Amino acid sequence: MKIATWNINSLKVRLQHVIDWLAMSRVDVLCLQELKLPDDKYPRAALEAAGYRSWFSGQKTYNGVAILVREGLPVDEAVVIRNIPGFDDLQQRLIAATIDGVRVVSAYFPNGQAPGTDKFAYKLSWLAALREWVAAEMRAHPQFALTGDYNIAPEDRDVHDPQAWEGQNLVSPEERDAFRSLVELGLVDAFRCFEQPDKSFSWWDYRMLAFRRNAGLRIDHILLSPSLAQCCSACEIDKTPRRWDQPSDHAPVIATLER
DNA sequence: ATGGCCGAGAAGCTCGGA
(Lines give C-alpha, C1' and ligand atoms only; values in the text may rest on other atoms or scores of the structure.)
Protein backbone atom coordinates (compact mmCIF):
# COMPACT_ATOMS: atom_id res chain seq x y z
CA MET A 1 0.00 0.00 0.00
CA LYS A 2 1.32 3.44 -0.98
CA ILE A 3 0.15 6.39 1.09
CA ALA A 4 0.86 10.00 0.16
CA THR A 5 0.21 13.46 1.56
CA TRP A 6 0.13 16.70 -0.41
CA ASN A 7 -0.85 20.26 0.41
CA ILE A 8 -2.24 21.36 -2.97
CA ASN A 9 -3.07 25.00 -2.10
CA SER A 10 -6.48 25.12 -3.84
CA LEU A 11 -7.97 21.98 -5.34
CA LYS A 12 -9.77 24.13 -7.89
CA VAL A 13 -6.50 25.42 -9.35
CA ARG A 14 -4.60 22.15 -8.90
CA LEU A 15 -7.22 19.55 -9.89
CA GLN A 16 -5.39 18.58 -13.08
CA HIS A 17 -2.10 18.32 -11.17
CA VAL A 18 -3.73 15.94 -8.71
CA ILE A 19 -5.19 13.81 -11.50
CA ASP A 20 -1.90 13.76 -13.42
CA TRP A 21 0.08 12.92 -10.30
CA LEU A 22 -2.30 10.10 -9.33
CA ALA A 23 -1.81 8.63 -12.81
CA MET A 24 1.98 8.72 -12.54
CA SER A 25 2.39 7.80 -8.86
CA ARG A 26 -0.37 5.17 -8.69
CA VAL A 27 -0.64 5.69 -4.92
CA ASP A 28 -3.42 3.85 -3.10
CA VAL A 29 -4.25 6.68 -0.71
CA LEU A 30 -3.71 10.41 -1.23
CA CYS A 31 -4.26 12.81 1.67
CA LEU A 32 -4.84 16.39 0.55
CA GLN A 33 -4.73 19.66 2.47
CA GLU A 34 -5.75 23.24 1.74
CA LEU A 35 -8.61 22.41 -0.62
CA LYS A 36 -9.84 26.02 -0.23
CA LEU A 37 -13.31 25.10 -1.42
CA PRO A 38 -16.68 24.24 0.19
CA ASP A 39 -18.09 20.71 0.05
CA ASP A 40 -20.54 21.58 -2.75
CA LYS A 41 -17.60 22.61 -4.98
CA TYR A 42 -15.61 19.42 -4.38
CA PRO A 43 -14.69 17.80 -7.75
CA ARG A 44 -15.82 14.32 -6.70
CA ALA A 45 -16.85 13.17 -10.19
CA ALA A 46 -13.57 14.17 -11.84
CA LEU A 47 -11.58 12.27 -9.21
CA GLU A 48 -13.85 9.24 -9.51
CA ALA A 49 -13.27 9.28 -13.26
CA ALA A 50 -9.55 9.18 -12.39
CA GLY A 51 -10.19 6.06 -10.32
CA TYR A 52 -10.34 7.49 -6.79
CA ARG A 53 -13.15 7.84 -4.27
CA SER A 54 -13.04 10.80 -1.87
CA TRP A 55 -13.82 11.61 1.72
CA PHE A 56 -13.50 15.28 2.46
CA SER A 57 -14.17 18.14 4.80
CA GLY A 58 -14.23 21.38 2.86
CA GLN A 59 -14.38 25.05 3.76
CA LYS A 60 -14.77 28.19 1.67
CA THR A 61 -11.48 30.06 0.99
CA TYR A 62 -9.36 28.44 3.73
CA ASN A 63 -8.28 25.02 4.97
CA GLY A 64 -10.17 21.90 3.87
CA VAL A 65 -8.82 18.33 3.82
CA ALA A 66 -9.53 15.13 1.90
CA ILE A 67 -8.59 11.48 1.65
CA LEU A 68 -8.60 9.92 -1.82
CA VAL A 69 -8.73 6.13 -2.03
CA ARG A 70 -8.04 4.04 -5.11
CA GLU A 71 -11.10 2.22 -6.36
CA GLY A 72 -11.35 -1.31 -5.00
CA LEU A 73 -9.84 -0.67 -1.58
CA PRO A 74 -12.35 -1.18 1.24
CA VAL A 75 -13.24 1.89 3.32
CA ASP A 76 -15.22 1.67 6.56
CA GLU A 77 -17.79 4.46 6.04
CA ALA A 78 -19.06 4.29 9.60
CA VAL A 79 -15.82 5.45 11.22
CA VAL A 80 -14.92 8.49 9.12
CA ILE A 81 -14.16 11.39 11.48
CA ARG A 82 -14.04 15.10 10.70
CA ASN A 83 -12.07 17.40 12.99
CA ILE A 84 -10.56 16.45 16.35
CA PRO A 85 -13.33 14.98 18.50
CA GLY A 86 -14.05 17.23 21.48
CA PHE A 87 -12.06 20.14 20.01
CA ASP A 88 -14.55 22.79 18.96
CA ASP A 89 -13.21 24.21 15.71
CA LEU A 90 -14.78 26.10 12.81
CA GLN A 91 -11.69 25.42 10.69
CA GLN A 92 -11.74 22.19 8.70
CA ARG A 93 -8.29 20.76 9.34
CA LEU A 94 -8.60 17.04 9.89
CA ILE A 95 -10.27 13.95 8.47
CA ALA A 96 -9.68 10.31 9.36
CA ALA A 97 -10.77 7.14 7.61
CA THR A 98 -10.07 3.42 7.91
CA ILE A 99 -8.83 1.96 4.64
CA ASP A 100 -8.25 -1.77 4.39
CA GLY A 101 -7.67 -1.87 8.14
CA VAL A 102 -5.29 1.11 8.23
CA ARG A 103 -6.40 4.21 10.10
CA VAL A 104 -5.29 7.16 7.95
CA VAL A 105 -5.42 10.82 9.02
CA SER A 106 -5.15 13.80 6.66
CA ALA A 107 -4.32 16.84 8.77
CA TYR A 108 -3.65 20.48 8.02
CA PHE A 109 -1.92 21.76 11.12
CA PRO A 110 -2.39 25.48 11.86
CA ASN A 111 0.29 27.76 10.48
CA GLY A 112 0.65 29.75 13.71
CA GLN A 113 1.81 33.01 12.08
CA ALA A 114 4.44 33.90 14.73
CA PRO A 115 5.25 32.99 18.33
CA GLY A 116 3.31 35.19 20.72
CA THR A 117 0.30 35.74 18.47
CA ASP A 118 -3.26 34.48 18.97
CA LYS A 119 -2.80 32.21 15.96
CA PHE A 120 0.26 30.67 17.57
CA ALA A 121 -1.70 29.99 20.78
CA TYR A 122 -4.41 28.37 18.64
CA LYS A 123 -1.75 26.22 16.97
CA LEU A 124 -0.43 25.01 20.35
CA SER A 125 -3.93 24.24 21.68
CA TRP A 126 -4.75 22.40 18.43
CA LEU A 127 -1.53 20.39 18.80
CA ALA A 128 -2.36 19.51 22.42
CA ALA A 129 -5.86 18.33 21.44
CA LEU A 130 -4.41 16.36 18.53
CA ARG A 131 -1.94 14.59 20.81
CA GLU A 132 -4.65 13.48 23.22
CA TRP A 133 -6.87 12.24 20.42
CA VAL A 134 -3.99 10.47 18.63
CA ALA A 135 -3.01 8.66 21.85
CA ALA A 136 -6.53 7.19 22.13
CA GLU A 137 -6.77 6.55 18.40
CA MET A 138 -3.52 4.54 18.39
CA ARG A 139 -4.85 2.28 21.13
CA ALA A 140 -7.96 1.61 19.05
CA HIS A 141 -6.08 1.28 15.74
CA PRO A 142 -2.63 -0.37 15.91
CA GLN A 143 -2.18 0.35 12.20
CA PHE A 144 -2.20 4.14 12.31
CA ALA A 145 -0.78 6.79 9.96
CA LEU A 146 -0.78 10.52 10.78
CA THR A 147 -0.12 12.37 7.52
CA GLY A 148 -0.32 15.97 6.50
CA ASP A 149 1.07 19.46 6.43
CA TYR A 150 2.38 19.73 9.99
CA ASN A 151 3.68 23.27 9.59
CA ILE A 152 6.59 22.15 11.75
CA ALA A 153 10.16 21.50 10.65
CA PRO A 154 11.18 19.02 13.36
CA GLU A 155 14.97 19.49 13.23
CA ASP A 156 17.56 21.93 11.93
CA ARG A 157 18.41 19.58 9.07
CA ASP A 158 14.83 20.12 7.87
CA VAL A 159 15.55 23.83 7.36
CA HIS A 160 17.59 25.32 4.50
CA ASP A 161 19.04 28.06 6.72
CA PRO A 162 18.61 27.15 10.39
CA GLN A 163 20.34 30.33 11.59
CA ALA A 164 18.02 32.62 9.69
CA TRP A 165 14.98 30.65 10.92
CA GLU A 166 16.01 30.26 14.55
CA GLY A 167 13.13 30.86 16.96
CA GLN A 168 10.67 31.61 14.19
CA ASN A 169 7.32 30.12 13.44
CA LEU A 170 7.50 26.52 12.10
CA VAL A 171 10.81 25.84 13.90
CA SER A 172 10.25 27.26 17.40
CA PRO A 173 11.04 25.09 20.45
CA GLU A 174 7.33 24.94 21.42
CA GLU A 175 6.36 23.54 18.02
CA ARG A 176 9.25 21.08 17.97
CA ASP A 177 8.29 19.95 21.48
CA ALA A 178 4.77 19.28 20.22
CA PHE A 179 6.18 17.27 17.31
CA ARG A 180 8.36 15.28 19.72
CA SER A 181 5.36 14.60 21.96
CA LEU A 182 3.72 12.88 18.98
CA VAL A 183 6.86 10.82 18.45
CA GLU A 184 6.83 9.93 22.13
CA LEU A 185 3.46 8.26 21.62
CA GLY A 186 5.38 5.75 19.52
CA LEU A 187 4.91 7.35 16.12
CA VAL A 188 7.80 7.12 13.68
CA ASP A 189 8.79 9.74 11.09
CA ALA A 190 8.76 7.48 8.02
CA PHE A 191 11.06 9.78 6.05
CA ARG A 192 13.84 9.39 8.61
CA CYS A 193 13.69 5.59 8.52
CA PHE A 194 15.77 5.71 5.33
CA GLU A 195 18.89 7.32 3.91
CA GLN A 196 17.87 10.65 2.43
CA PRO A 197 19.68 13.31 0.42
CA ASP A 198 20.94 16.29 2.41
CA LYS A 199 18.65 19.31 2.23
CA SER A 200 15.46 17.34 1.58
CA PHE A 201 12.48 19.66 1.78
CA SER A 202 8.74 19.49 1.05
CA TRP A 203 7.89 23.20 0.82
CA TRP A 204 9.51 26.14 -0.95
CA ASP A 205 8.30 29.74 -0.85
CA TYR A 206 6.87 31.04 -4.12
CA ARG A 207 9.06 34.10 -3.66
CA MET A 208 12.79 34.65 -4.02
CA LEU A 209 13.28 31.78 -6.50
CA ALA A 210 13.23 29.57 -3.43
CA PHE A 211 12.62 26.31 -5.30
CA ARG A 212 15.44 26.92 -7.75
CA ARG A 213 17.76 27.65 -4.82
CA ASN A 214 16.31 24.72 -2.83
CA ALA A 215 15.61 27.19 -0.03
CA GLY A 216 12.92 25.10 1.60
CA LEU A 217 11.61 23.41 4.70
CA ARG A 218 10.50 19.87 5.43
CA ILE A 219 7.10 20.43 7.04
CA ASP A 220 4.96 17.70 5.42
CA HIS A 221 5.21 14.39 7.20
CA ILE A 222 3.99 10.82 7.44
CA LEU A 223 4.17 9.47 10.98
CA LEU A 224 3.53 5.76 11.40
CA SER A 225 2.56 3.59 14.35
CA PRO A 226 5.14 0.91 15.26
CA SER A 227 3.37 -1.89 13.38
CA LEU A 228 3.15 0.21 10.20
CA ALA A 229 6.70 1.51 10.55
CA GLN A 230 7.85 -2.09 10.67
CA CYS A 231 6.42 -2.77 7.21
CA CYS A 232 7.45 0.57 5.65
CA SER A 233 9.96 -0.11 2.88
CA ALA A 234 10.39 3.42 1.45
CA CYS A 235 9.56 7.06 2.02
CA GLU A 236 10.32 9.88 -0.37
CA ILE A 237 9.43 13.41 -1.39
CA ASP A 238 8.41 13.68 -5.04
CA LYS A 239 9.56 17.05 -6.34
CA THR A 240 8.24 16.40 -9.86
CA PRO A 241 4.92 18.30 -9.57
CA ARG A 242 6.72 21.25 -7.92
CA ARG A 243 8.36 21.78 -11.35
CA TRP A 244 5.07 21.85 -13.25
CA ASP A 245 3.40 25.07 -14.41
CA GLN A 246 1.49 26.91 -11.68
CA PRO A 247 2.55 24.46 -8.98
CA SER A 248 1.54 24.10 -5.37
CA ASP A 249 4.28 25.39 -3.08
CA HIS A 250 4.38 21.91 -1.48
CA ALA A 251 5.59 18.58 -2.88
CA PRO A 252 3.94 15.25 -2.06
CA VAL A 253 5.47 12.80 0.41
CA ILE A 254 4.96 9.07 -0.25
CA ALA A 255 5.36 6.10 2.10
CA THR A 256 5.36 2.53 0.80
CA LEU A 257 3.97 -0.14 3.13
CA GLU A 258 4.56 -3.83 2.43
CA ARG A 259 1.21 -5.26 3.36
C1' DA B 1 15.97 46.54 1.10
C1' DT B 2 11.65 42.21 5.90
C1' DG B 3 9.42 42.54 0.23
C1' DG B 4 9.51 39.74 -3.37
C1' DC B 5 4.64 35.11 -4.79
C1' DC B 6 0.23 32.91 -4.77
C1' DG B 7 -5.06 32.06 -4.12
C1' DA B 8 -9.60 33.67 -2.68
C1' DG B 9 -12.98 37.08 -2.39
C1' DA B 10 -14.26 41.37 -2.57
C1' DA B 11 -13.03 45.12 -5.57
C1' DG B 12 -8.47 47.07 -8.32
C1' DC B 13 -7.59 46.00 -2.46
C1' DT B 14 -6.90 42.91 1.92
C1' DC B 15 -5.97 38.64 4.18
C1' DG B 16 -3.58 34.36 4.94
C1' DG B 17 -0.09 31.44 3.87
C1' DA B 18 5.00 29.46 5.66
Side-chain angles (χ1 to χ4, degrees), chain A residues 5-18 21 31-43 56-66 89-94 106-127 130 147-179 191 199-221 237 239 241-253:
Chain A
T5 180
W6 193 9
N7 178 322
I8 33 93
N9 185 20
S10 169
L11 183 54
K12 181 185 168 192
V13 173
R14 235 71 65 190
L15 176 60
Q16 197 56 49
H17 282 203
V18 170
W21 191 75
C31 297
L32 296 177
Q33 300 88 37
E34 279 210 270
L35 308 181
K36 292 187 171 179
L37 44 75
D39 284 351
D40 63 329
K41 295 279 186 358
Y42 188 90
F56 51 89
S57 184
Q59 183 184 332
K60 188 179 174 183
T61 311
Y62 304 115
N63 310 310
V65 287
D89 198 351
L90 293 172
Q91 305 182 31
Q92 304 306 310
R93 295 186 172 277
L94 185 141
S106 176
Y108 177 44
F109 291 43
N111 172 285
Q113 194 174 53
T117 63
D118 288 351
K119 285 176 184 168
F120 194 80
Y122 164 72
K123 181 176 194 172
L124 294 182
S125 66
W126 192 94
L127 284 162
L130 177 74
T147 87
D149 175 0
Y150 281 57
N151 272 318
I152 301 172
E155 298 178 61
D156 277 354
R157 61 176 165 163
D158 302 312
V159 180
H160 67 96
D161 185 349
Q163 254 185 324
W165 278 85
E166 192 177 357
Q168 293 199 56
N169 191 39
L170 313 185
V171 308
S172 74
E174 296 98 317
E175 291 159 274
R176 286 178 168 177
D177 283 348
F179 185 90
F191 190 75
K199 301 190 179 300
S200 287
F201 306 125
S202 66
W203 170 85
W204 302 262
D205 201 308
Y206 283 123
R207 296 166 289 187
M208 303 176 287
L209 306 170
F211 185 65
R212 216 169 72 182
R213 296 188 295 120
N214 194 32
L217 304 174
R218 191 177 71 94
I219 54 177
D220 301 88
H221 308 294
I237 297 165
K239 289 162 76 168
R242 189 62 177 77
R243 299 187 186 99
W244 294 345
D245 283 344
Q246 214 181 352
S248 166
D249 42 358
H250 294 253
V253 185

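Being a predicted model, the structure only gives us computed values, none of them experimental. First the proteins, then the strands, lettered A, B, ... as listed; each starts at 1. Atom set for the values below is all heavy atoms of this structure, side chains included, hydrogens, waters and symmetry mates excluded.
Distance noted for atom C1' between B:dG17 and B:dG3: 15 Å (whole Å). Between B:dA18 and B:dC5, the distance separating the two C1' atoms is 12 Å to the nearest Å. The gap from the C1' atom of B:dG12 to that of B:dG7 amounts to 16 Å, rounded to the nearest Å. As rounded to the nearest Å, B:dG16 and B:dT2 have P atoms that lie 22 Å from one another. Going from the C1' atom of B:dC15 to that of B:dA10 covers 11 Å, rounded to whole Å. Here the separation of B:dC13 from B:dG4, taken at their P atoms, is 14 Å to the nearest Å.
Rounded to whole Å, the distance from CD on A:Q59 to P on B:dG16 is 13 Å. What separates CG of A:N111 from C1' of B:dG17 is a distance of 6 Å, to the nearest Å. What separates CD of A:Q113 from P of B:dA18 is a distance of 12 Å, to the nearest Å. In this structure, the CZ atom of A:F109 is 15 Å from the P atom of B:dG17, given to the nearest Å. Taking atom CZ on A:F201 and atom P on B:dA18, their separation rounds to 17 Å, with Å as the unit. In this structure, A:D118 atom CG and B:dG17 atom P are separated by 13 Å, rounded to whole Å. For the pair A:R213 CZ and B:dG4 C1', the computed distance is 11 Å after rounding to whole Å. Summarising the geometry, the separation between CD on A:Q33 and P on B:dG17 is reported as 14 Å, rounded to the nearest angstrom.
A:E34 comes within 4.0 angstrom of sugar-phosphate atoms only, judged by non-hydrogen atoms across all strands, and of no base. At the heavy-atom level, A:I219 lies under 4.0 Å from the strands shown only through sugar-phosphate atoms. A:N63 comes within 4.0 angstrom of nothing in the nucleic acid, heavy atoms only. Among the protein residues, A:Y150 comes within range of no part of the nucleic acid, since none of its heavy atoms lies under 4.0 Å from any strand.
Not a single donor-acceptor pair under 3.5 Å links the side chain of A:N214 to the backbone N or O of A:F211. Side-chain atoms of A:Q92 come within 3.5 Å of backbone atoms of A:L90 as a donor-acceptor pair (strictly under, hydrogens ignored). Using modelled atom types, one side-chain atom of A:E175 and one backbone atom of A:L170 make a donor-acceptor pair closer than 3.5 Å. A donor-acceptor pair under 3.5 Å is formed between the side chain of A:H221 and the backbone N or O of A:I152. The closest donor-acceptor contact from the side chain of A:S202 to the backbone of A:H250 lies at 3.5 Å or more, if one exists at all.
A cation-pi contact, defined as under 6.0 Å to the ring centre and within 45° of the axis, links A:R93 to A:Y108.
Taking the six-membered ring for Trp and the full ring otherwise, A:H17 and A:W244 have centroids separated by under 6.0 Å.
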Just the atom pairs and distances: protein N or O near nucleotides 5-8 of chain B's N or O, under 3.5 Å.
unit_1: B:dG7; atom_1: OP1; unit_2: A:R14; atom_2: NH1; d: 3.1
unit_1: B:dG7; atom_1: OP1; unit_2: A:Q246; atom_2: NE2; d: 3.2
unit_1: B:dG7; atom_1: O3'; unit_2: A:S10; atom_2: OG; d: 3.3
unit_1: B:dA8; atom_1: OP1; unit_2: A:S10; atom_2: OG; d: 2.5

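Distances shorter than 4.0 Å separate some side-chain N or O of A:Y108 from OP1 or OP2 on B:dA18. For the OP1/OP2 pair of B:dA18 and a distance below 4.0 Å, the side-chain nitrogens and oxygens of A:H250 include at least one atom meeting the criterion.
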Next item on the list: Could you walk me through whether A:E34 and A:S10 pass side-chain hydrogen bond (donor to acceptor under 3.5 Å, both in side chains), step by step?
Entry: CA-CA 6 Å; A:E34 279 210 270; A:S10 169; over 6 Å; no

